[in-house]
Each structure stands twice: as structure tokens, then as C-alpha cells.
Amino acid sequence: MTEQARYSIDFHGLKTGERYHYTFPIDDRFFARWPESEITQGRGMAEVEATKHASMIELRVKIDAEVRLTCDRCLDEFECPVHFEGEPVVKISDTIPEGEQYSGDAHREVNNSDGDILWISPAEATLDLGQYIYESIMLSLPFQRVHPELKDCNQEMLKRFRIVSEEEFDALAGGTDTDRDGAGNPFAALKDLKPKEDK
């Protein structure tokens, strides 16, 4: 079974008015479909409830997972919890709005005020929800990717990234009496970056 098939629904086999339940694993194999993603490791589950209608499918999607991210603060990796709930509607149509495309997977309609609308051609054999699940995870990530607690950060890296104090700045830029001309002080150029005080 291909990775795409693992997250696909045979929507032609769904009966109108019936409700169906699916579970899809969130794992390292799942994220391997997007090699350029910042996420390469994760674990969890996506639960999908589907109700078929004449020309559309109503979905209820719930995602609970943990993904491995790089901390913006200390550059160590950490586990980030992800929770998402959505109710997209899949429209089955031979025509789609300009800018959309068919490829067998579900595409979000851009700038839709009524919520997520996904499009699928009736000519497609299955509906691949992998892209929708992936996008939902990415949109659920916090803006700042950091350890929940500062104490969990790599303290050695935090020391390296600390902002220098005024005294440290002067010491780096000034050097010793023997190298104030800059010849023996690689930080001498810093003194030119220091804001000049108004006289």
C-alpha cells in the first residue's frame, strides 16, 4: 500500500445518508511525503467521520498528535503537542473555482468565509485526505516554536545566545591597552556599531 492510499477514502462506495468512521496514523512515514517540511517525526492519530450526500461529503476531522520541532530559543529538539478539529465539506464536481486543481487529494478553497471547502472530481477513484491532515497540523503549530518551560531549554546554548550587556560590549570593542588600534582585537569594529551619545 502506498502512503497516499493509507489516507484515502473510496468515496464512490459510500452510501448517501450513511455515516462512516476512519482512523489515520500520524507517524514518521506520513511526514516523509513532504521532504521539505520542518516536521520529520511525529506520532498520533487523525479521526475522520464522513457523511455522504448527493454531491458532497461532510467531514468531521479530529487530530491529536505530538510532533518533533526545533526550539527557536535554544535549537534543541522538543515534542510539541498538536490538536485540531475541523468540519470541511468535500464538493464533488466536474468544475471548480479558478485557481483550484484536481490531483486526487483534497484542496482547501482559498478565502472561503464559510469554512473549509475541498474539491474532488467524480472521475477520481478515491479521496486522499493526507494533504488536508498535513496542512491542518502545520496550521495548528504555535507561531513561536519553543520549549513550554524555559528550564527545559539547553542552558549552555542559552548562554551562548545571550544578549551582551553594556560592560561586555565595551570590553569586546575596547580590548586592552596594547591593541586599542584594533590590530590585535578582532572585536574592535564593534565600537563603530555602538550608538553615539548625544552631546
Side-chain angles (χ1 to χ4, degrees), residues 1-11 14 19-52 57-91 100-101 103-120 124 126-163:
M1 179 184 294
T2 65
E3 280 304 297
Q4 182 171 336
R6 292 176 73 200
Y7 301 89
S8 295
I9 294 175
D10 178 11
F11 65 95
L14 305 183
R19 186 173 297 173
Y20 300 83
H21 298 270
Y22 305 88
T23 56
F24 301 105
I26 307 299
D27 52 23
D28 299 353
R29 288 175 57 190
F30 172 75
F31 291 110
R33 290 180 59 180
W34 296 273
E36 302 301 322
S37 173
E38 67 175 295
I39 302 175
T40 58
Q41 294 178 299
R43 62 182 182 276
M45 193 69 64
E47 299 179 3
V48 178
E49 179 183 286
T51 303
K52 175 73 178 300
I57 305 171
E58 289 182 329
L59 299 177
R60 291 177 179 269
V61 180
K62 180 180 179 181
I63 301 172
D64 284 297
E66 282 191 345
V67 297
R68 183 169 288 273
L69 299 174
T70 299
C71 177
D72 292 337
R73 195 161 47 203
C74 71
L75 301 185
D76 270 10
E77 292 186 336
F78 72 102
E79 299 293 332
C80 178
V82 174
H83 178 73
F84 170 83
E85 292 187 17
E87 298 184 4
V89 173
V90 181
K91 292 188 176 181
E100 294 294 316
Q101 60 179 338
S103 66
D105 59 352
H107 292 272
R108 278 181 165 87
E109 179 178 325
V110 181
N111 297 326
N112 176 61
S113 59
D114 297 325
D116 286 335
I117 293 182
L118 315 179
W119 295 90
I120 192 73
E124 296 290 347
T126 59
L127 169 66
D128 175 22
L129 289 175
Q131 181 69 31
Y132 178 84
I133 294 172
Y134 172 75
E135 290 178 1
S136 299
I137 291 174
M138 297 303 296
L139 291 173
S140 300
L141 295 179
F143 178 75
Q144 189 175 25
R145 277 81 146 147
V146 295
H147 284 91
E149 299 291 339
L150 180 61
K151 63 181 177 60
D152 296 328
C153 279
N154 184 324
Q155 299 301 309
E156 183 61 32
M157 294 300 289
L158 291 183
K159 291 178 183 178
R160 294 185 182 184
F161 295 150
R162 72 184 187 280
I163 300 175

| field | Beyond-backbone contact of Asp128 with Tyr7, side-chain heavy atoms, under 4.5 angstrom | value | yes
| query | Are Glu38 and Arg145 close enough for a salt bridge, meaning some N to O gap below 4.0 Å? | reply | yes
| task | Quick one: closest heavy-atom pair of Phe78 and Pro148, and the distance? | result | CD1-CD, 4.3 Å
| query | Between Tyr134 and Ser37, does any side-chain donor sit less than 3.5 Å from a side-chain acceptor? | reply | yes
| Which atom pair, heavy atoms only, marks the closest approach of Ile39 to Gln41? | CG2-O, 3.4 Å
| field | Closest approach of Leu59 to Ala50 (non-hydrogen atoms, all atoms of both residues) | value | CD2-CB, 3.5 Å
| task | In sequence, state the C-alpha distance, the side-chain angles, and the governing distance for Leu141 and Val82, and then conclude on side-chain contact (heavy atoms from CB on, under 4.5 Å). | result | CA-CA 7 Å; Leu141 295 179; Val82 174; 3.9 Å; yes
| note | To the nearest 0.5 Å, atom OG1 of Thr51 lies from atom CG of Leu14 at 9.5 Å
| message | Rounded at 0.5 Å granularity, tell me how far CZ in Arg33 sits from CD1 in Ile133. | response | 9.0 Å
| field | Check: Phe24 ring centre within less than 6.0 Å of Phe30 ring centre | value | no
| field | Minimal non-hydrogen separation, Cys71 against His147, with atom names | value | SG-ND1, 3.4 Å
| task | Could you tell me whether Arg43 and Asp64 make a salt bridge, using a distance below 4.0 angstrom between a side-chain N and a carboxylate O? | result | no
| said: Set out, in order, the CA-CA distance, both residues' side-chain angles and the distance that settles side-chain contact (heavy atoms from CB on, under 4.5 Å) for Thr40 and Phe31, then state yes or no. | reply: CA-CA 6 Å; Thr40 58; Phe31 291 110; 5.6 Å; no
| So, do Tyr22 and Leu129 sit near enough that their side-chain heavy atoms are less than 4.5 Å apart? | no
| query | At their closest point, which heavy atom of Arg73 faces which heavy atom of Cys153, and how far apart are they? | reply | NE-SG, 3.2 Å
| query | Hey, are Glu47 and Lys62 close enough for a salt bridge, meaning a charged N less than 4.0 Å from a carboxylate O? | reply | no
| remark: The reported gap from CG in Leu150 to CG in Leu158 (rounded to nearest 0.5 angstrom) is 6.0 Å
| message | Closer than 4.0 angstrom, basic N to acidic O: yes or no for Arg6 and Asp27? | response | yes
| Could you walk me through whether Thr126 and Ile9 pass the side-chain contact (heavy atoms from CB on, under 4.5 Å) check? | CA-CA 5 Å; Thr126 59; Ile9 294 175; over 6 Å; no
| note | Lys52 and Phe11 have their tightest heavy-atom pair at NZ-O, 3.6 Å
| said: Within the structure provided, determine whether Leu75 and Asn154 are in side-chain contact (heavy-atom separation under 4.5 Å). | reply: no
| said: Let me confirm one number: the CD-CD1 distance from Glu66 to Ile26, rounded to the nearest 0.5 Å. | reply: 13.0 Å
| Is it the case that Trp34 and Gln131 place a side-chain donor and acceptor less than 3.5 Å from each other? | yes
| query | In Å, rounded to the nearest 0.5 Å, how long is the span from CZ of Arg68 to SG of Cys80? | reply | 11.5 Å
| message | When you compare the side chain of Ile117 with that of Lys91, does any pair of heavy atoms fall below 4.5 Å? | response | yes
| request: Assess whether side-chain contact (heavy atoms from CB on, under 4.5 Å) is satisfied between Leu118 and Ile120, documenting all intermediate values. | output: CA-CA 7 Å; Leu118 315 179; Ile120 192 73; over 6 Å; no
| For the atom pair CZ (Phe84) and OG (Ser136), what is the distance rounded to the nearest 0.5 Å? | 3.5 Å
